[in-house]
Amino acid sequence: MTTTLTTSPDEAATHLRRGELVAFPTETVYGLGADALQPEAVQRIFEAKGRPADNPLIVHVVRRGQIGEVAADVPPPAERLLEHFAPGPLTLILPRHEALSSVVTAGLDTVGVRMPRLPLTRSFLEACNTPVPAPSANRSGRPSPTSWEAVHEDLGGRIECILKGGRTEEGVESTVVDCTTTPVTVLRPGAVPVEDLRVVLGHVDVGDTEGERRARSPGTRHRHYAPSAQVRLVDDPGRLSDIDSNLDAAYIGLDPPPQPGAFQTVHVEDNLEAYAHDLFHVFRACDEAGCEAIYAQTVPAEGLGRALNDRLRRAAAR
Ligand code: AMP
Ligand code: MG
């Protein structure tokens, strides 16, 4: 199959409406979309990614009115989150609309809904004029794609179209909030910090126990975000002494490593936002360079730090 590369949101939308698969940029990572009303097309998303069928898709909409096409109800806390964070990198779990294909929801009675804020995404969704279920546009298990080149590397020849935009701004995925519970529960930490949700809602659960979160958010059960290189977590770079000199290694973190010469490449990030922006990009660059180990500094578990630590831990898990 030939994969058409385009910068035109209208051309990309034409492919989608024909029942084809289209990868598109958002402010978080690139997504792989299909028309929500064509279940055979949605099914192909799972095949192209190698995604387990029990992992539901987030549905992308461009305006508030479209939420009613996929969700049966928007509870008051969800309404307040929409007022403050839509459009933006926040996904709300809502009761699903009975007409929505169960391929999208992986058989659950809930649906994840998000309204992206990137202008190019919004033009694309406007032109699609249909809700667009889309997971991240990577092969399952690989680091999420933060550039169109990364999408092409994983899915070129497997999907009909890639809408080309720039590097994504956030670099980590949306925060997923279950709005069917009281109080609401964060199922996946992401680009919107829990602290910001608490400013709006007061009490927000963080689904702290791993078991609880796994039971309620199927995606968190699967291995994720991993480069081919082994990821080794570094809590305190100052005490990093056992760097394996037989390995081609890279380093990424907020603090410089004590022996920079021991690494092929060193990425010292200015702040949490820059770290999140670069993480998946660096993972992929390391794979391309044939790197065998990536030493990655963990960060304080606050703000964007929760999302970063979550991605780092899951990338390090084997
Ligand atoms: P991605 O696969 O990268 O798009 O991430 C989507 C995340 O949202 C995965 O962890 C999914 O399991 C989760 N998700 C999507 N829909 C639901 C839902 N209805 N209930 C719980 N989690 C969901
Ligand atoms: Mg993903």
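Each ligand, and each atom within it, is numbered from 1 in the order the structure gives. Residue numbers start at 1 and run along the sequence shown.
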Mind listing the side-chain donor-acceptor pairs of residues 62-71 below 3.5 Å, one per line with the distance, residues two or more places apart or on another chain?
unit_1	atom_1	unit_2	atom_2	d
R63	NH1	E126	OE1	3.3
R63	NH2	N129	OD1	3.2
R64	NE	E79	OE2	3.1
R64	NH2	E79	OE1	3.0
R64	NH2	E79	OE2	3.2
Q66	OE1	V62	N	2.8

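- Atoms of ligand 1 found under 4.0 Å from any heavy atom of T110 (numbered from 1 in listed order, with element): 18 (C), 19 (N), 20 (N).
- If you number the atoms of ligand 1 from 1 as listed, the ones under 4.0 Å from a heavy atom of L108 come out as 18 (C), 19 (N), 20 (N).
- Side-chain heavy-atom separations under 4.5 angstrom define the hydrophobic clusters, and L247 shares its cluster with no other residue.
- Using a 3.5 Å distance cut-off with no hydrogens or angles, the side chains of S136 and N138 do pair a donor with an acceptor.
- With sequence neighbours left out, the side chain to side chain donor-acceptor pair (under 3.5 Å) criterion links R44 to E160.
- Counting only protein atoms, the N, O or S atoms lying less than 2.8 Å from the Mg ion (ligand 2) are S136 OG, ordered by chain and residue number.
- Ligand 1 is approached by R51 to a heavy-atom distance shorter than 4.0 Å.
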Q: Run the numbers on Y30 and F24 for ring pair (Phe, Tyr, Trp, His ring centres under 6.0 Å), then give the verdict.
A: CA-CA 5 Å; Y30 276 69; F24 59 96; 8.3 Å; no
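- Under 3.5 Å, the side chains of T4 and T6 contain no donor-acceptor pair of N or O atoms.
- Within ligand 1, the atoms closer than 4.0 Å to a non-hydrogen atom of P135 are 2 (O), 4 (O), numbered from 1 in the order shown.
- In the model, T168 has no side-chain atom that pairs as donor or acceptor with a side-chain atom of T146 under 3.5 Å.
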Q. Passes side chain to side chain donor-acceptor pair (under 3.5 Å), D178 versus T180? Steps please.
A. CA-CA 6 Å; D178 188 347; T180 67; 2.6 Å; yes
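- For V29, no heavy-atom contact with ligand 1 is shorter than 4.0 Å.
- Neither the backbone nor the side chain of R96 has any atom closer than 4.0 Å to an atom of ligand 1 (non-hydrogen atoms only).
- Inspection of the N309 and T298 side chains reveals no N or O donor paired with an N or O acceptor under 3.5 Å.
- Taking every non-hydrogen atom of S136 and a distance limit under 4.0 Å, the qualifying atoms of ligand 1 come out as 1 (P), 3 (O), 4 (O).
- Atom CZ of R139 and atom NZ of K49 lie 9.5 Å apart (nearest 0.5 Å).
- Using a 4.0 Å heavy-atom cutoff, T105 is absent from the residues neighbouring ligand 1.
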